[in-house]
Amino acid sequence: MPSSVSSPEDIINIALVRIGYKQRIGSVWEGSLAAKLALTIYSQTRDELLRSFDWSFAERNVAMTIIKQAPPMGYVPPIVWSSAYPPIPWLYEVSYPTDALKIRAVKNTPIFIPDFDPQPYQFSIDNDVSLSELEKVILCNVYPGIIVYTGQATNPLDWEPDFTEALAAALGRRLAPALMNLQTAQAAGQDEMAAAIVAEQTRG
Amino acid sequence: MSNLPSAIASQVLDAIGSDYVLGDISEGSREAQVILRAYGNCLRQLLRSANWAFARKEARLELLADATLITPTNGNQVTNVGAPIVGNQVPSGYLYEYRYPDDCMKVRFIPWDFQVTTNVPPGNIQPVNSGLPIETGLGQPPFVGRRQRPAPFVIATDPNYASAPGQLYGLTQGESPAGSTVILTNVKFARCVYTALMLYPSTWDSLFRAALVAYLASEVALPLTKDKKFGLAIRDQQIQITKSKIEQARLVDGNEAATSSDIPVDWMRTRRIGGSSGAWGGYGWGNEGLGGGWGGGWDSCGFADGSNF
């Protein structure tokens, strides 16, 4: 079902209506008080909400790209651990997807599908200081494999209505103290909680 | 397709009253992660909890060691070029050591017979001279159509068959760098009747499927419900359902097939203490003991509330 909300301005205007603000914005770049405040908090609020729940529309799968691998026979002398290898006890260090907001799972690539013996695979997020640039990486014991993650879905046309609703409520809660008054802010907080409950139940 | 692990997981969510619509058990959502962590172990434990008819499998065992020295062995005086090589070190009290089958969840029994068959798989016992009989007077054919008699056996671990360093030993049941799980028995050319790992829901009977759903639900109810009191109540209900299903399965096993003699009887327990090669009985009726047991029976199934059934 296509979303009836197609731009960040639409979302922000919904948020403004929810807190009882009298004016609308035409563009997030127009320079009005509401637009400036909304522009400040919009991306962070969206990303935080995307991370909060496992939204189906934001699920992305990507094949692993390996960075480091533990020695096949283990750290048997004279081989000793160094930063050329993944942190102990992990076997593989793979790239963190650039558009990932949250890693949901890592899984192997089954030879046959469907997989009738699915297994959970542990993973951990790390910051590797030994690379040329400080880089967020994923540590795991499965390779080759697939990374399942929450992507940074920025296009409102991709969102489900309940996500849009939850985002508008969250924006409203953040805008209310600056644009309205304390009572409105409290009401907006309750509005956000109610929207979050609905969102959690469906998750797209 | 309803015969997928994901379909089982969806039924589990229904059982605990969750509104979440699961796509795939490996999708990485919170619900999927929790169920996936429990799925494999619950499946295996439930298979061990009764002699499920659909999971009965009989297979020839792979010989690892032969203490009789009849089979060409590694480091023994008998050497045949091209002949299979096995070890000759078998823990005391037994003649043969076999590899625990990869897909074995529970050994039910090892048939005791001397049937010399053809088509012995590679790596198993081979006569030194195939033209000469190893033993005579075996009968022709000896045991076709006759009642199967269980032989004593013991499950053990043998460090002589450890995995190579660096091998992903965690993926194969019974293998580790510290040794491999083995079956010790005095049966030559041993076959094993066991409960196999049945991964395909299409092969399960409806009772097993219902039991697995309830068992999984009892395991995941607490982590997946926000109201922990509600979760506890659901968990207790699902445990009762699971126990009921397992009980039915054990009754059906008794009604439809050969009974499992799992009830210890004192006067039978004390008979033939110490066991003997090829004799009936042994030290105990279970699958442990000095002389080995002759039937695996079934396991108790443990539950999240600490109870067993």
Side-chain angles (χ1 to χ4, degrees), chain A residues 51-62 69-77 79 89 91-92 100-110 112-123 138 141-143 145-151 160 162 196-204, chain B residues 1-9 13 17-44 47 102-103 105 163-173 177 196-204 216 219-220 224-227:
Chain A
R51 257 187 77 92
S52 300
F53 306 115
D54 296 321
W55 304 95
S56 298
F57 69 84
E59 179 186 325
R60 292 175 186 172
N61 290 258
V62 66
Q69 180 177 356
M73 303 299 284
Y75 297 99
V76 181
I79 300 174
L91 292 176
Y92 304 104
L101 291 175
K102 185 176 79 171
I103 305 300
R104 298 185 187 182
V106 297
K107 55 186 180 184
N108 70 337
T109 310
F112 303 107
I113 50 173
D115 183 4
F116 284 92
D117 191 18
Q119 301 289 332
Y121 293 96
Q122 298 292 113
F123 68 93
I138 301 169
N141 292 326
V142 57
Y143 183 84
I146 298 166
I147 301 167
V148 186
Y149 65 97
T150 299
E160 300 293 345
D162 39 347
I197 290 171
V198 174
E200 187 178 6
Q201 287 174 344
T202 55
R203 276 175 276 179
Chain B
M1 194 185 294
S2 62
N3 286 326
L4 292 174
S6 298
I8 306 298
L13 290 176
S18 172
D19 294 327
Y20 183 63
V21 179
L22 184 79
D24 180 71
I25 195 171
S26 299
E27 70 180 17
S29 64
R30 165 79 178 149
E31 286 80 357
Q33 287 181 23
V34 172
I35 296 174
L36 183 58
R37 282 197 286 269
Y39 185 86
N41 193 53
C42 285
L43 172 62
R44 286 160 176 80
L47 280 167
D102 288 348
D103 63 340
M105 294 293 99
S163 302
Q167 198 171 327
L168 285 176
Y169 47 83
L171 300 179
T172 305
Q173 176 184 265
L197 175 59
M198 305 297 285
L199 295 173
Y200 300 92
S202 56
T203 61
W204 302 345
L216 277 167
E219 293 285 317
V220 304
L224 290 184
T225 47
K226 290 216 179 302
D227 183 345

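Below, read A as the first sequence line, B as the second, and so on, with proteins coming before strands; counting in each chain starts at 1. Remember, predicted model here, so these are calculated numbers, not experimental data.
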>> Using modelled atom types and a 3.5 Å cut-off, is there a donor and acceptor pairing between side-chain atoms of B/E27 and backbone atoms of A/R104?
In response: no

> How close do A/D115 and B/P5 get, heavy atom to heavy atom, and via which atoms?
Replying inline: O-CG, 3.7 Å

> How far apart are the closest heavy atoms of B/S29 and A/D54, and which atoms are they?
Replying inline: CA-OD2, 3.1 Å

> What are the two closest non-hydrogen atoms of A/P118 and B/S26, and how far apart are they?
Replying inline: CB-OG, 4.0 Å

> Who are the salt bridge (charged side-chain N to carboxylate O under 4.0 Å, His left out) partners of B/D102, not counting sequence neighbours?
Replying inline: none

> Nearest 0.5 Å, what's the CG-NZ distance between B/D24 and A/K107?
Replying inline: 5.5 Å

>> To the closest 0.5 Å, what do you measure between CZ (A/F116) and CG (B/N3)?
In response: 7.5 Å

> Taking only residues two or more places apart in sequence or in another chain, which ones pass side chain to side chain contact (heavy atoms under 4.5 Å, CB included) with A/R51?
Replying inline: A/L101, A/K102

> Counting N and O atoms only, with roles assigned by atom type, does the side chain of A/D117 sit under 3.5 Å from a partner on the main chain of B/L199, one being a donor and the other an acceptor?
Replying inline: no

> Side chain, backbone, both or neither: which part of B/Y39 has an atom under 4.5 Å from a heavy atom of chain A?
Replying inline: side chain

> Under a 4.5 Å heavy-atom cut-off, does chain A meet the side chain of B/I25, its backbone, both or neither?
Replying inline: side chain

> Does OH belonging to A/Y75 count more than 12 external heavy atoms closer than 6.0 Å?
Replying inline: yes

>> Show the nearest heavy-atom pair for residues A/Q119 and B/L36, with the distance to one decimal.
In response: O-CD2, 3.7 Å

